[in-house]
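Reading through the structure tokens given below for one structure.
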Amino acid sequence: GFNQRRFFFDDIKIIKLLNGFDILEKCPLHKSPGNNIAYFLNKKISANVRWLRYIYFTSVIRKEDIISNENQTILDIGSYYGGFQYVMKKIFPHSKHILVDFPHQLARSAIFLGESYPKAKIHGIYDKESFDEYFKNNYVNHDFILLSTEYFNDFSERYSSLNYQLDLLTNFYSFGEISKINFNTYFNSKILRNSNKLYF
């Protein structure tokens with residue numbers, strides 16, 4: 001529709017104002033696995049409305065110098081299929097990512113990020129065995145950690161007790177969808193209190 005088209009091009013203008021158009025050039029939607037519904041600006045650049053959000057957030061993070069390109073750790077609550085992490089990893093290749101979501105969403109992330117970054121180290125935490133394995137084998141240096149919501153609190157406690165810190169915590173949708181009790185559980189967790197920066 002007309003409004004969607006207008007919003008799409010408005011978003012591109014905002015990304016250009018943030019000097020983030022090069023991010024879209026480096027991360028065209030059609031080059032990511034499984035994304036076949038895309039609008040093409042030219043033969044090399046494509047996006048859709050959701051994809052432009054990932055480009056926008058990455059543009060802001062880079063422009064505001066929120067993280068550097070060192071081995072910094074970013075935890076995202078409600079990460080869906082990993083599109084934001086895909087774009088961030090392209091722009092900050094040394095970044096480490098912890099994705100928190102329901103198991104069925106993390107399964108999508110595992111496929112998407114595994115195909116996008118075949119050499120990446122990916123570890124899923126979805127039961128006690130995988131939880132213990134993470135800390136026993138010092139998987140903190142993995143590229144992507146897929147953390148089930150069920151193990152978030154235990155992970156938060158253990159991660160913080162070992163003096164591991166997050167460099168950035170992000171949430172873009174899910175806090176607006178969960179109950180107040182669940183929101184407080186996340187927001188009062190040690191891992192959030194010990195984060196260097198929060199971005200909602």
Side-chain angles (χ1 to χ4, degrees), residues 23 26-27 31-35 51 54-55 57-58 61-62 65-175 185-186 189-200:
I23 297 175
K26 290 174 187 172
C27 306
K31 292 287 188 179
S32 66
N35 282 307
W51 197 252
Y54 302 145
I55 302 298
F57 292 133
T58 305
I61 288 167
R62 185 180 70 178
D65 221 8
I66 294 172
I67 66 165
S68 68
N69 199 20
E70 302 302 318
N71 292 339
Q72 295 197 299
T73 303
I74 303 156
L75 184 146
D76 182 46
I77 297 174
S79 49
Y80 192 35
Y81 70 96
F84 171 66
Q85 288 74 26
Y86 171 94
V87 175
M88 285 289 288
K89 192 74 169 168
K90 288 278 186 187
I91 304 307
F92 301 99
H94 301 295
S95 59
K96 311 295 181 190
H97 298 268
I98 303 171
L99 293 75
V100 181
D101 215 318
F102 298 116
H104 67 279
Q105 299 288 32
L106 295 177
R108 291 177 177 165
S109 300
I111 295 167
F112 177 74
L113 294 171
E115 289 184 14
S116 301
Y117 297 99
K119 294 183 180 178
K121 296 177 182 176
I122 302 174
H123 181 74
I125 298 176
Y126 51 88
D127 59 14
K128 189 176 186 314
E129 185 178 343
S130 56
F131 175 85
D132 291 338
E133 186 180 350
Y134 173 85
F135 291 102
K136 180 181 177 182
N137 294 306
N138 194 28
Y139 284 163
V140 70
N141 290 319
H142 272 43
D143 296 284
F144 302 103
I145 303 300
L146 311 178
L147 175 60
S148 171
T149 54
E150 185 181 351
Y151 283 87
F152 178 81
N153 287 333
D154 292 338
F155 181 88
S156 172
E157 292 288 329
R158 181 82 68 86
Y159 194 88
S160 299
S161 71
L162 294 170
N163 293 320
Y164 296 150
Q165 283 195 329
L166 301 176
D167 298 291
L168 177 65
L169 180 130
T170 58
N171 174 264
F172 303 113
Y173 288 110
S174 59
F175 280 174
T185 298
Y186 281 110
S189 64
K190 281 187 180 179
I191 201 168
L192 267 71
R193 292 199 306 267
N194 292 340
S195 297
N196 290 331
K197 296 172 186 169
L198 305 179
Y199 188 73
F200 298 100

Practice task
Mark yes or no for whether Asp143, through its side chain, and Lys96, through its backbone, hold a donor-acceptor pair below 3.5 Å.
Solution key: no
Where the side chain of Lys89 meets the backbone of Ser95, is there a donor-acceptor pair that is under 3.5 Å apart? yes
**Asked** With distance as the sole criterion, is a donor-acceptor pair present between the side chains of Gln105 and Ser109 under 3.5 Å?
**Response** no
| Ser156 and Asn153: side chain donor to acceptor below 3.5 Å | no
Salt bridge (charged side-chain N to carboxylate O under 4.0 Å, His left out) pairs touching residues 103-114, sequence neighbours excluded, are none
Q.
Does Tyr151, at its OH atom, have more than 12 non-hydrogen atoms belonging to other residues, nucleotides or ligands within less than 6.0 Å?
A. yes
Review point. Taking the six-membered ring for Trp, are Phe135 and Tyr159 ring centroids under 6.0 Å apart?
Key: no
Could you measure the distance from the [atom1] atom of [X] to the [atom2] atom of [Y]? Nearest 0.5 Å is fine.
{"X": "Ile67", "Y": "Leu166", "atom1": "CD1", "atom2": "CG", "result": "12.0 Å"}
{"X": "Trp51", "Y": "Cys27", "atom1": "CH2", "atom2": "SG", "result": "6.5 Å"}
{"X": "His123", "Y": "His142", "atom1": "NE2", "atom2": "NE2", "result": "7.0 Å"}
{"X": "His104", "Y": "Ser148", "atom1": "NE2", "atom2": "OG", "result": "10.5 Å"}

- Item | side-chain contact (heavy atoms from CB on, under 4.5 Å) between Leu147 and Leu99, intermediate numbers included | CA-CA 6 Å; Leu147 175 60; Leu99 293 75; over 6 Å; no
Please report the shortest heavy-atom distance between [X] and [Y], naming the atom on each side.
{"X": "Glu115", "Y": "Pro33", "answer": "OE1-CB, 3.3 Å"}
{"X": "Arg62", "Y": "Ile91", "answer": "CD-CG2, 4.1 Å"}
{"X": "Asp167", "Y": "Asn71", "answer": "OD2-O, 4.4 Å"}
{"X": "Ser68", "Y": "Phe92", "answer": "O-CD2, 3.8 Å"}
{"X": "Leu106", "Y": "Asp101", "answer": "CD1-O, 3.6 Å"}

Hey, mind stepping through Leu146 and Ile98 against side-chain contact (heavy atoms from CB on, under 4.5 Å) and telling me if it holds? CA-CA 6 Å; Leu146 311 178; Ile98 303 171; over 6 Å; no
Next item on the list: Look at the rings of Tyr134 and Phe155 and say which category their plane angle falls in: under 30° parallel, 30 to 60° tilted, over 60° perpendicular.
Entry: tilted
- prompt: Using 30° and 60° as the class limits, which term best fits the ring planes of Phe144 and Tyr117: parallel, tilted or perpendicular?
  reply: tilted
Q.
I'd like to know whether Ile66 forms a side-chain contact (heavy atoms from CB on, under 4.5 Å) with Leu168, so could you lay out the CA-CA distance, the side-chain angles of the two residues, the decisive distance to 0.1 Å, and finally the verdict.
A. CA-CA 8 Å; Ile66 294 172; Leu168 177 65; 3.7 Å; yes
Residues at least two apart in sequence or cross-chain that pass salt bridge (charged side-chain N to carboxylate O under 4.0 Å, His left out) with Lys136, listed by chain then number, are none
Next item on the list: Would you mind reporting whether His94 and Gln72 have side-chain heavy atoms less than 4.5 Å apart?
Entry: no
Which of Ile125, Asp132, Asp127 passes side-chain contact (heavy atoms from CB on, under 4.5 Å) with Glu129? Answer is Asp127
Determine all donor-acceptor pairs shorter than 3.5 Å in which one atom belongs to a side chain in residues 76-88; sequence neighbours excluded.
from  : atom 1 : to     : atom 2 : distance (Å)
Asp76 : OD1    : Thr170 : OG1    : 2.7
Asp76 : OD2    : Gln85  : NE2    : 3.3

